[in-house]
Every structure is written in C-alpha cells, then in structure tokens.
Amino acid sequence: MALLEVENLRIELTTRDGTAPVIDDLSFTLEAEETLSFVGESGCGKSMTALALMGLLPEGIGRVAGGHIRFNGEELTTATPARLREIRGNDISMIFQEPMTSLNPVFTVGEQIAEVLRAHQGLSRSAAWDQAVELLDAVRIPNPKGRAGDYPFQMSGGQRQRAMIAIALACQPKILIADEPTTALDVTVQAQIFDLLRDLRRQTGTSIIMITHDMGAVAEMAERMIVMYAGRQAEIGPVEQIIDHARHPYTQGLISCVPHIQAVLTDDRPDLVEVPGIVPSLREFGKDQCLFASRCAHVTQTCLDARPPQKAFSAGQIADCWHAEAF
Amino acid sequence: MNILRNFLTRCVYALILLTAVLVLNFSLMHLAPGDVADTISQSMGGADQEILDQIRADYGLDQPFIVQLGRYIGNVLQFDLGYSFFYNMPVTELILQRLPATLILVITAQLLALTIGVVMGVISAQKPNGLMSHFVTFLALFGYSAPVFWTGILLLIGFSLHFQWFPVAGMRDVTIEGGFWVHFVDLIRHLTLPMITLASVFFALYSRLARASMMEVLGSDYVRTAKAKGLSVREVVYKHALKNALSPVITLAGLQFSAVISGAVLVEAVFSWPGLGTLAFQSIIARDTPTILGILFFSALVVIVGNLLTDLALRLVDPRVGGKK
C-alpha cells in the first residue's frame with residue numbers, strides 16, 4: 001500500500017462566476033521515502049492540491065467535491081477536524097513559499113518550533129525547547145542556542161526558511177509538503193535549501209511532495225513528477241523519463257523554457273523560448289476539451305471536442321494528450 | 001539596557017513637553033479677559049478701582065506677564081501649583097484630593113472598554129457575517145454616536161430611578177459603616193454606571209478596530225502556518241492571531257487616553273463624581289486660575305504617563321517595536 005493515495009480528486013472553488021474545478025480528476029500515489037514533484041505555471045492547482053492534503057482549503061471558498069485522499073489507508077477527505085489536527089504538523093507537514101511572512105513575528109523562533117513538539121509529542125516546555133535548539137542545529141543555523149531566542153525579524157530570508165523546515169520536520173513527519181520553498185530566496189540560498197532538504201530526507205526517510213515551477217529543482221530533487229495544467233494532470237512519470245522524452249506538448253514547452261548556456265544554438269536547443277499564451281481563466285476549467293489546446297502548436301479538432309484520455313507509456317509514464325504517441 | 005535608555009530618553013522628552021504645556025496654558029489663561037480680582041470684587045458686591053488694584057498687587061497680578069510666568073514655572077518646579085483663592089487651600093493638595101476619583105474612573109473605564117472591545121472584536125472577526133458580528137457593529141455604532149452625557153442620563157433613569165440597582169450620584173455612601181470590603185463594594189456600586197457610560201464610547205472604537213485587525217491577521221500567512229502545525233483553534237486564534245491583532249488596538253488606546261480624560265469631565269458632571277472634571281468645571285466658573293492651571297498640568301501629566309505606559313505595553317506585545325538587537 002502506498003503511503004499516500006489520491007484518487008479522482010476534485011476540488012471546487014466558489015467564485016463570483018460560480019464554481020470552478022481547480023483540481024479536476026487528479027490521481028497519484030506517493031511511496032514511502034519518495035520525492036514527488038508537482039510542476040506547472042501559477043494557478044494550475046499545485047498549491048490547492050497541497051492545501052487539500054493538509055485539510056486547509058480556504059474555508060467557505062474551496063472544498064473537496066469528490067474523490068479520495070488516503071494516508072496510510074485512512075480516508076482524509078471525511079476525517080474529523082480533530083483527527084486532521086492530529087495529522088497536521090505531525091504526520092504531514094508543510095513549508096510555504098513565503099518565509100518572510102510565514103513565521104509569526106511576535107514569537108521567538110524557538111517557541112514556534114517548540115510549540116509543535118508540545119502539541120503533538122506532549123513534551124514539556126524545557127524538553128521541547130532543547131529539541132527546538134537541536135532542530136535549528138539540524139537545519140544548519142549557526143549558534144542555534146542563541147538564535148532560538150531570536151524573533152523572525154532578526155533573521156534573513158534563508159534562515160527563516162530553515163526555521164520553517166525545522167518546524168515542519170520537528171515531529172519527523174511521514175510526508176513533507178514543500179510549496180515552492182525557494183521561490184522567495186536568492187539562487188545561492190536556494191541551492192543550500194535543496195541540499196538541506198536532500199540530506200534531511202536521507203536521514204529521516206520522509207517522503208517529500210515538492211511543488212515548484214523550477215525544472216532544475218525537479219531534476220535535482222525528485223524521482224517522479226506530475227506536470228499540472230489548469231487543474232488537471234498533463235503528464236506523470238519518472239523525472240528522467242519525462243525530461244528525456246516528454247509526451248505532452250505542455251511538458252515539452254516547460255522543459256524548453258529552461259535557459260541553457262550552450263554557445264551554439266541548434267533546432268533542439270534554440271535561444272530562450274516560451275510557451276505562448278496564458279493559462280485559461282477559471283471559467284474555462286472543467287470544460288470537456290483539452291485545456292491546453294489554445295496554446296498548443298499541435299492542436300487538432302479532436303483536442304477541442306473531448307477531454308484527452310490518459311495514455312500510458314513505459315516506466316509508468318502517463319500523458320493526457322490525444323496525440324501523445326506522436327511525440 | 002536598551003529599553004531603560006529609551007525609557008529615560010522618553011522621560012526627558014516628557015519633561016520638555018510638560019514645560020511647554022505649562023507655558024502655553026499660562027499664556028492662554030493670561031489672554032482670557034477677567035481675573036480673580038474681578039471674581040473677588042463680585043463676591044464682595046463690587047469694588048472700586050483702588051481695591052481692585054490692591055487685590056492685584058496682593059496676588060502679584062500687577063507684575064508684567066513674563067515675571068508672572070517665570071514665577072509660576074519656578075513654583076511648579078518646586079511642586080507648588082499655587083493657592084486656590086476660591087477653595088482656600090493649596091492647589092496641589094486640592095488636586096491630589098480629587099485625582100484618585102478621576103483615575104479610578106478613567107482607568108476602569110479604559111480597561112473595561114479595552115477588554116470587552118477586544119473580546120467582542122475577536123469573536124465577531126471569526127464569523128464576519130454572523131449574528132454576533134452584527135450585534136457588535138450595532139453596539140459600536142450606538143456607543144459612538146450617542147453623546148456621553150445622554151447615555152449617562154439614560155442609564156441613570158433606567159438603573160437608578162426605575163430599577164434602583166445603583167446609587168444616583170457620588171462616589172461613596174457616607175452613612176454606611178464597615179470594613180474595607182463593605183466600602184469596596186459600595187465604591188463599585190457607585191462606580192458601575194459612570195464607568196459603563198464612559199466606556200461605551202471607547203468600546204465602540206476598540207471593538208471595531210479589534211474586529212478589523214483580527215480579520216486581517218486571521219488571513220495572514222503565519223496563521224496558516226499555525227493551522228498547518230495542527231494547533232487547536234483556540235491556540236491559533238488566541239495565541240497566534242490575537243497577539244498580533246492587539247498592537248493597533250493598544251496604539252489607539254494610548255492615543256485615546258486624553259479623550260477618555262476629557263470624556264470623564266462630562267461623565268463626572270452627570271454622576272456628580274467627585275473628580276478632577278467636576279473641580280475643573282467649578283473652577284472655570286469661579287475663574288480660579290491657579291486651580292485650572294493645576295488641573296491642566298495634571299491632565300497633561302496623566303496623558304504623558306499614559307503614553308509612556310502604552311509604549312511599554314506595545315513593546316511587550318510586539319518585539320519589533322523599539323528595535324531590539
């Protein structure tokens with residue numbers, strides 16, 4: 001049994017124009033000690049998936065309209081709020097993309113780490129604090145004893161994200177969801193954070209769900225990846241396989257967007273390219289057609305008439321495209 | 001260390017400010033027509049110019065303005081606020097007699113308004129369209145638009161005349177005998193209505209601000225983090241959100257402190273509360289310049305001390321205030 005199974009998940013957002021399926025029929029599994037990466041442009045539903053897994057969809061706006069999320073076989077979509085609280089921060093935890101604002105400005109960093117330990121592991125005040133200092137050390141913050149008493153505003157962005165990681169890993173969760181953990185950080189710090197996450201995963205055996213739009217990060221961190229587009233899965237499979245031979249035109253577009261440093265430009269590696277057009281508006285979501293059609297160079301009438309089927313290829317690669325075999 | 005130095009700096013500023021207040025008050029009073037000689041001559045049934053001059057000479061009122069000002073400030077520096085010709089006692093003594101009553105009223109009203117305002121604001125922020133939220137909005141609108149003296153009179157009619165739960169006026173019942181607790185309960189009974197009256201205006205301000213501030217904080221990233229940690233709703237709201245939402249409310253409470261004191265003047269008049277407000281009212285009628293100046297001086301002092309305390313409270317709530325290194 002997989003650690004996490006998501007089956008036909010549908011999440012609807014209520015907007016002024018009615019409800020829109022921001023996640024439409026998404027299925028995937030996450031194995032123990034695996035890193036799975038979600039890739040896609042802003043607004044494709046990556047963060048919504050993460051919030052749904054945590055049971056933190058915006059109240060009154062977003063809801064799970066169908067499908068299942070099973071953690072260790074336990075159904076989460078129907079779990080009680082109390083049970084979800086037990087799981088959050090303990091079995092499944094999350095780091096967010098804004099380290100500058102994700103820590104509470106009026107509590108010390110040590111307290112914010114210790115608090116999780118007290119809530120889930122029943123540690124005493126002093127034991128939780130000692131452990132918090134150790135965790136700060138584990139995420140490589142120099143002088144952890146002194147820094148534990150610091151407030152977030154006394155730390156840099158990179159240090160704050162390290163502190164967030166310490167909070168997320170405090171209870172040794174089975175699953176760590178990292179929602180664009182390095183987007184707000186500069187490049188050298190990004191590399192350090194990825195190093196840190198990789199090392200911590202090796203030490204703790206935590207599965208990681210990495211949400212990003214950085215193909216480089218995916219290649220470095222993940223074993224498998226899911227490419228999302230407009231709330232739907234575009235392609236899923238092993239990272240190497242997909243980067244070598246993407247079957248979905250959107251994935252191909254994303255990969256060719258990655259800048260390269262080759263001096264000679266070829267047809268294969270032209271100068272910097274982009275995927276033309278923009279993500280469709282929420283109103284288009286849920287239509288019975290290929291949502292990428294408006295931006296796709298290979299569009300045919302079939303793409304506009306019906307939603308593409310999932311086509312399976314070797315090594316577990318699946319692409320949702322009418323013409324996947326042709327690519 | 002840093003906090004202490006900052007506090008001392010603030011105290012020095014406060015002293016300079018107080019001196020400025022003294023000079024300004026004295027000049028303003030000097031500009032106003034009429035002086036104590038007029039009042040005395042009136043109470044004697046009139047006097048001719050010679051007697052008026054005599055009175056002015058006696059009280060030093062014939063000296064040039066600058067000399068009078070210098071003399072006054074010199075006296076104040078020695079904690080001597082002058083002598084009230086109307087009450088026939090030193091102003092400092094007179095004010096110190098009345099100050100506790102006003103402080104009790106102002107501080108309890110301020111605390112009541114803050115507590116209830118924050119609690120109601122926080123509760124209504126969690127369900128912005130709920131019944132409680134509408135109720136708070138209504139109460140706040142009522143408290144803010146109703147004049148203080150009118151609210152006071154209304155409460156008097158309702159709870160002192162009709163139900164007779166609370167005494168009509170004054171601060172203590174001189175006829176009762178008993179120990180500390182008996183007098184304490186008596187004080188509370190006298191205090192209740194004036195306190196509620198004075199608090200009603202400020203409750204309106206604080207509950208609205210607490211509600212807005214709390215709603216903003218509840219949507220912030222760090223509250224989402226707190227939820228993601230699996231903390232209980234109580235911890236998320238009352239620990240993580242509330243401490244952040246309090247800063248603007250405390251700032252406003254500090255700014256409103258002077259307004260609470262001026263509101264107290266009206267409330268004291270309505271309930272015959274024996275505080276500075278009643279004294280100020282009477283001494284203005286009597287042109288008792290030294291007493292008026294003394295009251296103004298003490299009001300300024302209380303406001304300045306109130307602001308200092310606000311500053312300290314903000315530091316306790318928000319570590320970013322004051323630039324701790």
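Every chain is numbered from 1, with letters handed out A, B, ... down the list of sequences. Predicted model only: the values in this text are computed from it and were never measured.
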Less than 4.5 Å apart, side chain to side chain, heavy atoms only: is that true for [X] and [Y]?
{"X": "B/K227", "Y": "A/M54", "value": "no"}
{"X": "A/M164", "Y": "B/T225", "value": "yes"}
{"X": "B/H240", "Y": "A/F107", "value": "yes"}
{"X": "A/N90", "Y": "B/K229", "value": "no"}
{"X": "B/N244", "Y": "A/P105", "value": "yes"}

Need one label for B/V223: side chain, backbone, both or neither, based on atoms under 4.5 Å from any heavy atom in chain A.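 It is neither, since no heavy atom gets under 4.5 Å.
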For B/S232, is it the side chain, the backbone, both, or neither that has a heavy atom closer than 4.5 Å to a heavy atom of chain A?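 For B/S232, the contact with chain A is made by backbone and side chain together.
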More than 12 heavy atoms of other residues, nucleotides or ligands under 6.0 Å from [atom1] of [X]: is that the case?
{"X": "B/F180", "atom1": "CZ", "result": "yes"}
{"X": "B/E216", "atom1": "CD", "result": "no"}
{"X": "B/F135", "atom1": "CZ", "result": "no"}
{"X": "B/L8", "atom1": "CG", "result": "yes"}
{"X": "A/R83", "atom1": "CZ", "result": "yes"}
{"X": "A/Q172", "atom1": "CD", "result": "no"}

Pull out the residues in residues 94-102 of chain A that come under 4.5 Å of chain B, heavy atom to heavy atom, sorted by number. A/F96, A/E98, A/T101, A/S102
I'd like a table of donor-acceptor pairs (distance under 3.5 Å, sequence neighbours excluded) in which one partner is a side-chain atom from residues 129-142 of chain A, with atom names and distances.
from   : atom 1 : to     : atom 2 : distance (Å)
A/R140 : NH2    : A/D199 : OD2    : 2.4

Given the options A/L56, A/I167, A/N104, A/V116, which has more heavy-atom pairs under 4.5 Å with chain B than any of the others?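 If we count pairs closer than 4.5 Å to chain B, A/N104 comes out on top.
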Does any backbone or side-chain atom of A/Q112 lie under 4.5 Å from a heavy atom of chain B? Answer side chain, backbone, both or neither. both
Which atoms of A/L103 come close to chain B, meaning under 4.5 Å heavy atom to heavy atom: side chain ones, backbone ones, both, or neither? backbone
Inter-residue atom distance A/Y151.OH - B/D318.CG, 0.5 Å rounding: 9.0 Å
Between A/R85 and B/E235, is a salt bridge (Lys or Arg N to Asp or Glu O under 4.0 Å) present by the stated rule, with each step listed? CA-CA 12 Å; A/R85 272 201 300 276; B/E235 274 178 299; over 6 Å; no
At a heavy-atom distance under 4.5 Å, which candidate from B/V233, B/D221, B/L231, B/V317 has the highest pair count against chain A?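 Max contact count across the listed options: B/D221.
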Find the one option among B/S247, B/A228, B/A226 whose heavy-atom pairs under 4.5 Å with chain A are most numerous. B/A228
